[in-house]
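What follows is a single structure, written as structure tokens, with notes after it.
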There are 2 protein chains.
Amino acid sequence: MQTTQSLWNNSRLNDDVAFWLRLAEMTVMKRVADALRPFELRPALYAVMVLIEANPGRKQHEVGEALRVAASNLGVLMETLARRGLIERERTPGDVRSYALTLTAAGADLLAEVKAALDRVLADTDRIIGDRREPFLAVLSDLAGHTALAPDA
Amino acid sequence: MQTTQSLWNNSRLNDDVAFWLRLAEMTVMKRVADALRPFELRPALYAVMVLIEANPGRKQHEVGEALRVAASNLGVLMETLARRGLIERERTPGDVRSYALTLTAAGADLLAEVKAALDRVLADTDRIIGDRREPFLAVLSDLAGHTALAPDA
DNA sequence: TATTGTTATACTCTATAACTATA
DNA sequence: TATAGTTATAGAGTATAACAATA
């Protein structure tokens, strides 16, 4: 049955970057979400943990900017991770309003496990991408506005 | 301020296709959603209309498969479009259970307007992608499993 | 038995506004 | 005045299961 094939071939969507971007993102993120589920983590929570691990002591709104998560939504994510004992929030000395975010030992341990599990899933997508990885990432970064990589100088 | 830059550079996410895919998709689809809002359409509704226009008479579950939208959710979308008089659902002669989907004249008129508005937005992303368009679309298609393009022969 | 489509419900992520407290 | 973070609420999309009607 090649029903869906002809549907796409007849459609303007076949040439539409936006919707192929959407389909590809859905497919990949679904795999990521499935890999995270056994750890009771969702993509947003995992991304927060990775960023905190790589940048300990950062403030909440800094993590939010990097991940494009609104401050209001990030607060809930942080509360979830803190309540599970995976991250720690300490008031910064300089500014009492903000937190310094770090992973707890339990958080670091869990993250190591998660990364291993996720690597198996992402290895699959890496294989699909093959040697097109670098130019592909470049386009994605450009489309994302690469504000997270190269802010207006 | 280059706060977010260092956050990404220190992070494993910097090399992670899944999350760059997510950021790029969010950025582009936000523009699409903004362009559709004046017409009181959402991305999912627009995609349905385009697919019906290009493939008149198709059944509901066929459109759902092409767009990767579950039948349960697609029914609501169709009801929305039908109630606005943008699509028409006629029972197929061969199978009383299924619908033959077509755009109404009003639906076709609206879609033409929407496409013009959307072209202006997508032209912007096209400019960013430049001559990398073809290989970029190829990777996206591969990641999406290209089941919508080349079903198991 | 399998398929087409519907209904209901829950979950995830995002967006917005109003708010407190501090700088 | 501006910033850091919280709370509440709404919206869009997805996922699942149970269901009726038909093939």
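Lettering follows sequence order; numbering is per chain, from 1. The structure displayed is predicted, hence computed values, not measured ones.
- Between the CZ atom of A:Arg22 and the P atom of D:dA12 there is a distance of 13 Å, rounded to whole Å.
- Of the residues near DNA chain D, B:Val96 and A:Val76, the one whose nearest nucleotide (by heavy atom distance) lies more toward the 5' end is A:Val76.
- Note on B:Val32: it does not cluster hydrophobically with B:Met26, by side-chain heavy-atom contacts below 4.5 Å among ILVMFWY residues.
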Are A:Glu65 and B:Leu7 close enough, and set up right, to give a side chain to side chain contact (heavy atoms under 4.5 Å, CB included), and what steps lead you there? CA-CA 10 Å; A:Glu65 283 170 20; B:Leu7 279 180; over 6 Å; no

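- In this structure a side-chain-to-backbone donor-acceptor pair under 3.5 Å is missing from B:Arg89 to B:Ala100.
- Along DNA chain C, the nucleotide nearest B:Gln60 and the nucleotide nearest B:Arg97 are compared for position; the residue whose nucleotide lies closer to the 5' end is B:Arg97.
- Rounding to whole angstrom units, CG of residue B:Asp95 and P of D:dA23 are separated by 5 Å.
- A:Arg37 comes within contact range of no nucleotide atom at all, as no heavy-atom separation falls under 4.0 Å.
- One atom, CG of B:Leu77, and another, C1' of D:dG13, lie 9 Å apart when rounded to the nearest Å.
- The distance from atom CG of B:Leu36 to atom C1' of D:dG13 is 15 Å, rounded to the nearest whole Å.
- Residue contacts for A:Met78: at a heavy-atom cut-off of 4.0 Å it reaches no nucleic acid atom on any strand shown.
- Counting to the nearest Å, the C1' atom of D:dT3 and the NZ atom of A:Lys59 are 10 Å from each other.
- Between A:Arg89 and the phosphate of D:dT6, there is a side-chain N or O to OP1/OP2 separation shorter than 4.0 Å.
- Checking D:dT6, D:dA15, D:dA23 against every side-chain atom of B:Ser72, the shortest atom distance belongs to D:dA15.
- The side chain of A:His61 places an N or O atom within less than 4.0 Å of a non-bridging phosphate oxygen (OP1 or OP2) of D:dG5.
- You can see that DNA chain C meets the heavy atoms of chain A within a 4.0 Å-exclusive cut from C:dT12 to C:dA23, reading 5' to 3'.
- Rounded to an integer number of Å, the gap from CZ of B:Arg42 to P of D:dG11 is 11 Å.
- Straight-line distance from the CG atom of B:Leu67 to the P atom of D:dA12: 18 Å, rounded to whole Å.
- Cluster annotation: B:Met29 is connected to B:Val17 through the hydrophobic network of ILVMFWY side chains, with a link wherever side-chain heavy atoms come within less than 4.5 Å.
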Checking salt bridge (Lys or Arg N to Asp or Glu O under 4.0 Å) for the pair B:Arg132/A:Asp142: CA distance, chi angles, key distance, verdict? CA-CA 11 Å; B:Arg132 302 172 294 179; A:Asp142 288 348; 2.8 Å; yes

Evaluate the side chain to side chain contact (heavy atoms under 4.5 Å, CB included) criterion for residues A:Thr27 and A:Arg31: first the C-alpha distance (whole Å), next the side-chain angles of each, then the deciding distance (0.1 Å), finally the verdict. CA-CA 7 Å; A:Thr27 305; A:Arg31 289 185 205 162; 4.0 Å; yes

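- For A:Tyr99 and D:dT6, the shortest distance from a side-chain N or O to OP1 or OP2 is below 4.0 Å.
- Contacts of A:Ala44 with the nucleic acid, taken as non-hydrogen atoms under 4.0 Å apart, involve only primed sugar atoms and P, OP1 or OP2.
- A:Leu140 and A:Leu21 make their closest contact through CD2-CD1, 4.0 Å (heavy atoms, listed as atom of the first residue, atom of the second, distance).
- Rounded to whole Å, the distance from CG on B:Asn73 to C1' on D:dT14 is 6 Å.
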